[in-house]
Peer 1: 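Here it is, the structure, as structure tokens.
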Amino acid sequence: MEFNTKVIHGGQKPDPSTGAVMPPIYQTSTYVQSSPGVHKGFEYSRTGNPTRTALENSLASIENGNFGLAFGSGLAAIDAVMKLLAPGDEVISTNDLYGGTFRLFSSVFKKFGIKFHFVGMENVDNIEECINEKTKIIWVETPTNPMLNIIDIKKVQALSEKYNTMLVVDNTFATPYLQKPLDYGADIVMHSATKYLGGHSDVVMGALVVKDKELADKLYFIQNASGAVCGPMDSFLVLRGIKTLHVRMQRHCENGAAVAHYLRSHPKVGKVYWPGFEDHPNHHIAKSQMLDFGGMVSFSLKGDKYQDAIKILENLKVFTLAESLGGVESLSGHPSSMTHASIPKEAREKTGVIDSLIRLSVGIEAEADLLRDLENALELV
Ligand code: PLP
């Protein structure tokens, strides 16, 4: 089945009890048993809920995996992966990654005896320098948040195979429409489904997809044992969002390209970060592992003045100033004071998150309105 058909039909069948084409929102915590332990496959909604199952089957299908797991947030999904580890284990992670992931690693799991190395993975050699017999997971985010660096998944996978570690890819920015890490040999794909999968800024949710049954069983055990599951209403909304993922992503990519080129030609703009530029350091990798370049664009201002960035953000009208990304509406953000404030200034600036950096999640509105909005705000500085 082609991807554009999978987003609509993958892993789905009409509801067995009524024939409803969309799975009903099974708003129930528990299920009748005719005798202790005798039931229709569901016993308690932390363990399993039919609406969540429908979503989990869809997730598995669109990522070319065999098993999907949905969680109460992206961070809850990451938390479940980290619970595969034991004290003494080590993780090598991208250094340019979502601030909340950095915080979970360095402020929560570090306390439980897990060691994290944060390295620039645009150069894969940096990973090999940190690998040792305690390395259990290589954590990749590509494109990275917010600098839009591109990491070569195939090369990192070859390293993870050589050293027998697990490879996890946070596929939130790309979505399976643009890139399917399991096809490149990753062990786990992770999503903040809050973003493009949900696509309408109305749900907080996380997801994992794997191919391997043994790994899936371990993660299902953690999902049920720790209990960070999502509810049936949210499962329904994300399942509905996924059905238009391909058409939304196509427009996100078109508008993202238009915004990136416009910004690059603007005299007040410093650098523009977007993997579609031919002189982006890893453009050739983006071209080979992604279908297109996505809807995320970051840029800095000439002179790097914090106040100028704030003025622009206060005056954008179509781009809404808000945390998050991946919804149909365009959003703007100031990583150093918002999404990435939990990363110490020194570490942040090393990766390029300077005071004037602005991150745009380019939505699916009319291109002309987006460019005019940027033009008007940039005029004020
Ligand atoms: N990964 C990435 C790349 C993100 O951008 C985010 C949130 O912004 C997360 C993970 C965390 O997801 P959530 O906010 O759904 O917990």
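One is the number of the first residue; the rest follow in order along the sequence. Counting starts at 1 for both ligands and their atoms, following the listed order.
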Peer 1: Is T101 in polar range of ligand 1, meaning some N or O pair under 3.5 Å apart?
Peer 2: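 Not met; the criterion fails.
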
Peer 1: For atom 15 (O) of ligand 1, what is the closest protein heavy atom, and at what distance to 0.1 Å?
Peer 2: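 Scanning the protein heavy atoms, the shortest distance from atom 15 (O) of ligand 1 goes to T194 OG1, 2.7 Å.
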
Peer 1: Using heavy-atom distances only, which candidate in N171, D170, D79 approaches atom 2 (C) of ligand 1 most closely?
Peer 2: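 Residue with the shortest heavy-atom distance to the ligand atom: D170.
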
Peer 1: Crowded around K311 NZ? As in, over 12 foreign heavy atoms under 6.0 Å?
Peer 2: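 Incorrect, the count does not exceed 12.
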
Peer 1: What protein heavy atom sits nearest atom 8 (O) of ligand 1, and how far off is it?
Peer 2: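 Among all protein heavy atoms, the one nearest atom 8 (O) of ligand 1 is K195 NZ, 2.7 Å.
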
Peer 1: Does L75 approach ligand 1 within less than 4.0 angstrom via side chain, backbone, both or neither, non-hydrogen atoms only?
Peer 2: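 Near ligand 1, L75 shows its backbone as well as its side chain.
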
Peer 1: Is E375 salt-bridged to R372, cutoff N-O under 4.0 Å?
Peer 2: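 R372 and E375: not salt-bridged.
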
Peer 1: For A70, is there any backbone N or O sitting under 3.5 Å from a side-chain donor or acceptor partner on E56?
Peer 2: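 Between the backbone of A70 and the side chain of E56 there is a qualifying donor-acceptor contact (under 3.5 Å).
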
Peer 1: Between the side chains of N49 and Y31, is a donor N or O closer than 3.5 angstrom to an acceptor N or O?
Peer 2: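 Looking only at side-chain atoms, Y31 and N49 do form a donor-acceptor pair, the distance falling under 3.5 Å.
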
Peer 1: Given 3.5 Å as the limit, does a donor-acceptor pair link the side chain of K243 with the main chain of I8, or not?
Peer 2: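 A pair under 3.5 Å: yes.
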
Peer 1: Only heavy atoms count here, so choose which of F71, F173, Y98 is nearest to atom 4 (C) of ligand 1.
Peer 2: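 Of the listed residues, Y98 has the closest heavy atom.
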
Peer 1: Give the residue and atom name of whichever protein heavy atom lies nearest to atom 5 (O) of ligand 1, and the separation in Å to one decimal.
Peer 2: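 It is N145 ND2, 3.3 Å.
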
Peer 1: Below 3.5 angstrom, do we get any N/O pair linking E141 and ligand 1?
Peer 2: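 It does not: no N or O of E141 is found under 3.5 Å from an N or O of ligand 1.
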
Peer 1: With heavy atoms of M205 as the reference, note each atom of ligand 1 found under 4.0 Å away.
Peer 2: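 Every atom of ligand 1 under 4.0 Å from some heavy atom of M205: 15 (O).
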
Peer 1: What do the steps show when you test H334 against Y306 for ring pair (Phe, Tyr, Trp, His ring centres under 6.0 Å), and what is the final call?
Peer 2: CA-CA 10 Å; H334 187 237; Y306 172 84; 5.4 Å; yes

Peer 1: Could you tell me whether E323 approaches ligand 1 through its side chain, its backbone, both or neither, with non-hydrogen atoms closer than 4.0 Å?
Peer 2: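 The answer is neither; E323 stays 4.0 Å or more away.
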
Peer 1: Relative to the heavy atoms of S73, which atoms of ligand 1 are at a distance of less than 4.0 Å?
Peer 2: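 Under 4.0 Å from S73, ligand 1 has these atoms: 15 (O), 16 (O).
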
Peer 1: If you count the non-hydrogen atoms of other residues, nucleotides and ligands that lie under 6.0 Å from CD in E329, is the total more than 12?
Peer 2: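 More than 12 heavy atoms, drawn from other residues, nucleotides or ligands, come within 6.0 Å of this atom.
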
